[in-house]
Amino acid sequence: MKDFFFYTDQMTVGYNGKPLIREIKIELNRGEILTLIGPNGAGKSTILKSITRQLKLIGGSACLDLRDMQQMSGKEIARRLAVVLTERMKPELMTCEDVVSTGRYPYTGNLGILGPEDKEKVRQAMELVHALDLKDRDFTAISDGQKQRILLARAICQEPEMIVLDEPTSFLDVKHKLEFLTILKKMVRESKAAVIMSLHELDLAQKISDQVMCVKGKWIQKCGSPEEIFTSDYICKLYDMTAGSYNAAFGCMELPAPLGEPEVFIIAGGGTGIPVYRKLQREGIPFATGILHKNDVDYEAAIHLATQIIAEEAFEPIRPETYQRALERMRRCREVICCLKEFGTWNEANERLWEEARKEK
Amino acid sequence: MKREKHASGRYWISFLALFLLLCILFVWSINSGSVAMSLPDIIKIIFRREGEATAYNIIWQIRLPRVLAAVILGGALSVSGFLLQTFFHNPIAGPFVLGISSGAKLVVALTMICFLSRGITVSAMMMVLAAFFGSMISMGFVLVVSRKVRRMSMLVICGVMISYICSAITDFVVTFADDSNIVNLHNWSMGSFSGMTWSNVLVMTVIVFISVITVFFMSKPIGAYQLGEVYAQNLGVNIKAFRAALILLSSILSACVTAFAGPVSFVGIAVPHLVKNVLKTSKPILVIPACFLGGAVFCLFCDLIARTLFAPTELSISSVTALFGAPVVILIMIRRQKER
């Protein structure tokens, strides 16, 4: 019945025998990526450490390939499971190739001398992460992005069936975050390894994961596909956000909307409003916007940024009542900005609104 | 591929150079002293075991055991230092600065006074055991401290303090001991390779040989451990057993040195550092044998200076090793600071 490659059953984790998170259930197939998200200190690392056997399980079990991991020898684990950690290390006088080579440890003899096959595996792993040119560089002298790639290569040449990564993108800039995750995804597709990792970047977690697990409190809050998890309400709840909100449509965080009576009215639509909304929000000026159809991209942004929205149902012509509401709202604002240059047939109400505004000036 | 050849060339040359240096210093050491001898004489005495009686005795009873002791103990000290640096992930860890040598010194002094005052002679093996016991006590302290402090400089400062405490107690004990051996004890507690007997050399050879071979066969887990504990554990290293083995081996090696030659400073830090920089790698499989050779060369050289510079007065070996070793430590500290 249980044909998952990696699964945990009633797994309870914690430090020094004190349970932190109880009854964790993970079910993961080969070639799938599971991402743990949640606030700092919620226990993401604790779960990962328990899976890699750095911490003893307090209850339940974790099974890899239908076998209880606690019964496996250190050597067997080494051939099946690899880790990539955030902890910054400073190995002395080791070239990148030396660092990657340590991944071959479970396969070499008593003195750890690399054979031709091992050397080839090391080369392939470095090629996969586009780091062949770093081969002879001193590990401590390369950038953080390069270091993470080297550590991934190290994990790859360990030929694992599962890789555990603890916040692998934390110290990287945007370019290197994307690059790292692209390589990871490619590697997972090719090697069919199962991946469990923790990420801080919700937008990236949403895009790369097959499953997302939300860690907070004593039990796992929620586990499911990215589509199930990344809704505005749920993310706000997960992170106890009191200021700002999560914009599910854009997959990004928004700062809180300025409070107070709207001072500016913005006529917008089709994405033209977003830059103006953001500028006003930065300057802390409360504003109202309209008339937006509910399927307009401006509408998605306005939900999080505007104090008031005058909206019309999607795919409907603008009704006179809506126009009236907008007009009243606009008259109470001290300024009107029109972002639209052209008005379509279904949008002629906005054109009238703008003419009205100009007349009153 | 090109670099690989380049690197292995460097390894060969380094090892060859160390070995040559060792040979030259070995011959030079035997050759120098208050009684001058010609090379052919020495060769005759050593290999054909014939020659004039005084010269024969000087070579066989005094110089040869001393020179061999310097080689073996020097190697042991530097390997012990390398193990401690690996264990603490700290480039300035060593048996002397962490107070392990001083702990051994204290217990050895106590044992000697205790036994000698009752007229019991202390065998070489007993000395080593006493020194090992003392090393483990200091090591225990250092381990407790290392759990509390994360900064490498703090660890070393604590080690130096432990070392002062132990030395102070040793001085008390030596002052109040009324024995004709006190002069001997005093000399020993300053560190010296003089007065080695063949039985001493035999005991230290066996202990050091077994320990260093064991260390060499641990080079694979040591290599994995250099990346950090978690990675090592993930690679299948049994961390608890491995850490215990590192502690035991480094203590045995430094205890052996202290038992026979007293505390010898800075060799444990300076030599591994120099060796790594010459080889331009920290791969244990190369560094361990090179450390042994390097330590032997370093101690032979320092001993040569200690006994010839102001002959017939002999300097303590620690003052000479400190002269050459301490600047290296300062250099490491400055370099570390720059990296931040």
Side-chain angles (χ1 to χ4, degrees), chain A residues 45 48-49 51-55 72-95 97-114 119 123 135-141 150-151 154-155 157-158 160 162-164 166, chain B residues 1-7 10 82 85-86 89-92 152 213-242 272-289 332 335-336 338-340:
Chain A
S45 295
L48 295 182
K49 279 180 187 164
I51 292 172
T52 59
R53 298 212 307 184
Q54 262 171 276
L55 289 174
M72 291 186 192
S73 68
K75 199 172 174 179
E76 187 176 357
I77 294 275
R79 289 182 180 215
R80 288 168 166 262
L81 175 78
V83 293
V84 175
L85 306 168
T86 15
E87 171 193 339
R88 294 188 174 196
M89 52 173 185
K90 275 190 170 178
E92 227 187 331
L93 291 167
M94 279 175 98
T95 63
E97 192 182 18
D98 291 342
V99 173
V100 177
S101 304
T102 60
R104 296 304 297 166
Y105 184 98
Y107 304 94
T108 53
N110 284 331
L111 284 177
I113 296 164
L114 300 179
K119 283 187 182 156
R123 202 192 62 78
K135 189 162 159 283
D136 299 329
R137 294 273 298 280
D138 192 298
F139 184 75
T140 50
I150 293 295
L151 289 178
R154 195 201 72 89
C157 84
Q158 209 174 324
M162 184 157 106
I163 303 186
V164 173
D166 192 2
Chain B
M1 218 43 215
K2 209 175 188 184
R3 186 190 166 271
E4 223 162 77
K5 264 183 198 154
H6 183 74
R10 170 185 280 277
F82 174 71
Q85 285 143 30
T86 309
H89 293 293
N90 182 340
I92 49 174
M152 69 171 194
I213 293 290
T214 315
V215 172
F216 182 74
F217 280 101
M218 278 170 65
S219 32
K220 187 176 162 184
I222 291 175
Y225 194 78
Q226 283 171 334
L227 280 186
E229 222 167 280
V230 181
Y231 284 111
Q233 188 218 25
N234 173 245
L235 290 171
V237 178
N238 182 342
I239 291 292
K240 269 191 190 151
F242 175 74
H273 181 74
L274 292 173
V275 160
K276 279 183 219 165
N277 276 290
V278 167
L279 292 175
K280 291 245 186 293
T281 182
S282 59
K283 281 182 195 146
I285 200 163
L286 294 162
V287 172
I288 292 166
I332 302 174
R335 204 185 264 188
R336 292 271 141 176
K338 265 190 205 150
E339 273 174 19
R340 288 210 183 113

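Letters A, B, ... mirror the listed sequences (proteins, then strands); counts begin at 1.
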The residue among Val84(A), Leu81(A), Leu85(A), Val164(A) that forms side-chain contact (heavy atoms from CB on, under 4.5 Å) with Asn234(B) is Leu81(A)
Does Gln233(B) reach the main-chain N or O of Arg53(A) with its side chain, forming a donor-acceptor pair under 3.5 Å? yes
Is it true that a side-chain atom of Lys220(B) and a backbone atom of Thr108(A) form a donor plus acceptor pair closer than 3.5 Å? yes
So what's closer than 4.5 Å to chain A heavy atoms on [X]: side chain, backbone, both or neither?
X         : result
Ile285(B) : side chain
Pro284(B) : neither
Ser219(B) : side chain

From [atom1] ([X]) to [atom2] ([Y]), nearest 0.5 Å:
X         : Y         : atom1 : atom2 : value
Leu235(B) : Lys75(A)  : CG    : NZ    : 12.0 Å
Lys276(B) : Glu92(A)  : NZ    : CD    : 4.0 Å
Leu227(B) : Phe139(A) : CG    : CZ    : 8.0 Å

Could you look at [X] and say if it's the side chain, the backbone, both or neither that has a heavy atom under 4.5 Å from chain B?
X         : answer
Ser101(A) : neither
Glu76(A)  : neither
Thr102(A) : both
Arg154(A) : side chain

Against chain B, work out which of Pro91(A), Ala155(A), Pro106(A), Ala82(A) has the most heavy-atom pairs shorter than 4.5 Å and name it. Ala82(A)
Among Ile77(A), Val83(A), Ile113(A), Asn110(A), which residue forms the greatest number of heavy-atom pairs with chain B at distances under 4.5 Å? Val83(A)
Looking at Thr281(B), Asn238(B), Val237(B), which has the largest count of heavy-atom pairs under 4.5 Å with chain A? Thr281(B)
Looking only at heavy atoms, the pair that brings Gly236(B) and Ala78(A) closest together is N-CB, 3.9 Å
All heavy atoms of Tyr231(B) vs all of Leu151(A), minimum pair found to be OH-CD1, 3.8 Å
